[in-house]
Number of protein chains: 2
Amino acid sequence: MALTIGELSRQAQVKVPTIRYYEQIGLLSEPVRTEGQQRRYGPEDVRRLNFIRHARELGFEVDAIRQLLDLASAPDRACGEVHDITIAHLDEVKSKIARLTALRDELEAMVGCDHRRISECRIIEVLADHGQCRHAEH
Amino acid sequence: MALTIGELSRQAQVKVPTIRYYEQIGLLSEPVRTEGQQRRYGPEDVRRLNFIRHARELGFEVDAIRQLLDLASAPDRACGEVHDITIAHLDEVKSKIARLTALRDELEAMVGCDHRRISECRIIEVLADHGQCRHAEH
DNA sequence: TCTTGAACCTCTAGTCACTGGAGGATGTAG
DNA sequence: CTACATCCTCCAGTGACTAGAGGTTCAAGA
């Protein structure tokens, strides 16, 4: 039941070059090869790649995923470390949301422009003059 | 009143290498040089760099900033194009907020884990099994 | 005038997570 | 055997910076 890289790609919904990249950076181990040097993967590779893809979709960085994979292969360890990695990531996501929300508010305040000439354009005025922003700090 | 690159950097709150980078990609024009080939900047350069920094802080991409700068230097043109660029950017920001908010919700649902062993860890379980996510699509 | 240290210069490559293309080999179906 | 899809490695690009090497300039102080 050995899979080609294309088959693994389709099963795990991860592109072929990305799979090669993950192997290069050590997230995936080097698979067995055919005589013609083609990669062949097994069910554990599918599972691991699914884990990686899922964690990437949740925005975890590659290094964090590396740690999570290590932890996942040590079932007797306390999961406090997993929790810490996830909480740190959650905090980062919340921080990004707050920043983007403030940014959205700024942009919305700017677009009240009613299509006059640029010499009278509020958007350009605001960009040219930081003092017109409602927030002192971006 | 010619400024060194360090002075410009401090006035506009943009790092020296970043100023050089902006010159390289054409956002800033090449300034006059001293006999010793050091850059010297004037008030218009300060204004332009402030505009750039402000737009970057608002998340506009470099190419969009290039367009905004072009438009800003044509005061008689209609500001519809400025509006379009800003609205497109605003939509992108809203989209990112929505994505991050969904992601935050997923992560929050995952961290109910109460520090047992990894073999029973909900975070690891969810990462290993996509079906446990509350959303079918990330 | 000389010395010293800060700031300047160009060049090159790295960051992060991929992505794309060139040039060639393999595998399978017809 | 042929044709085509898929495989391979290698190299470089993406976007917006960032860092460091090795050398030059400038200005203040002695």
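Reminder, nothing fancy here: chain letters follow the sequence lines and each chain counts from 1. These numbers come from the heavy atoms of this one structure, side chains and all, not from hydrogens, waters or symmetry mates.
Distances shown here put every side-chain N or O of Thr34(A) at or beyond 4.0 Å from the OP1 or OP2 atom of dT26(C). Between Lys15(A) and dC18(C), a side-chain N or O to OP1/OP2 separation shorter than 4.0 Å is absent.
Salt-bridge check for Glu44(B) with Arg48(B): failed, with every basic side-chain N at 4.0 Å or more from each acidic carboxylate O.
Closest to the side chain of Arg56(A), from the set dT19(C), dC17(D), dA17(C), is dA17(C). In the set dA16(D), dT19(C), dC18(C), dT19(C) carries the atom at the smallest distance from any side-chain atom of Pro17(A).
Across all strands shown, Tyr22(B) has heavy atoms under 4.0 Å from sugar-phosphate atoms exclusively, and none from any base. Among the heavy atoms of the strands lying under 4.0 Å from Glu61(B) are primed sugar atoms or P, OP1, OP2 only; no base atom is included.
Note: CG (Leu27(B)) to C1' (dG15(D)) measures 12 Å, nearest angstrom. When the P atom of dC18(C) is taken as reference, atom CD1 of Ile19(A) falls 12 Å away, rounded to whole Å. Straight-line distance from the CD atom of Glu35(B) to the P atom of dC26(D): 8 Å, rounded to whole Å. A straight line from CZ of Arg66(A) to C1' of dC16(C) spans 12 Å, rounded to a whole angstrom. When rounded to the nearest whole Å, the span between CD1 of Ile65(B) and C1' of dA16(D) equals 10 Å. Rounded to an integer number of Å, the gap from OH of Tyr21(A) to P of dT15(C) is 10 Å.
In terms of heavy atoms, Ile85(B) sits closest to Ala64(B) at CG2-CB, 4.0 Å. Contact record, Leu127(B) with Phe60(A): CD2-CE1, 4.4 Å, taken as the closest heavy-atom pair.
The main-chain N or O of Asp105(B) is never found under 3.5 Å from a side-chain atom of Glu108(B) such that the two would form a donor-acceptor pair.
Contacts of residues 87-97 of chain B with DNA chain D (heavy atom under 4.0 Å): none.
Note on Leu28(B) and Val32(B): separate hydrophobic clusters, where clusters join Ile, Leu, Val, Met, Phe, Trp and Tyr whose side-chain heavy atoms are under 4.5 Å apart, directly or indirectly.
Side-chain contact of Glu92(A) with Ser95(A): a donor-acceptor pair under 3.5 Å is absent, judged by distance alone.
Here the straight-line distance linking atom NE2 of His89(B) with atom CG of Asp84(B) works out to 14.5 Å at 0.5 Å rounding. Note that the OH atom of Tyr41(B) and the CD atom of Glu23(B) stand 5.0 Å from one another [nearest 0.5 Å].
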Is there a side chain to side chain contact (heavy atoms under 4.5 Å, CB included) between Gln38(B) and Arg33(B)? Walk through the geometry before answering. CA-CA 5 Å; Gln38(B) 298 197 358; Arg33(B) 301 274 187 136; over 6 Å; no

Would you give a per-nucleotide map of nucleotides 3-11 of chain D, 5' to 3', where B means the base has a protein non-hydrogen atom under 4.0 Å away, S means only the sugar-phosphate does, and - means neither? ----SBB--

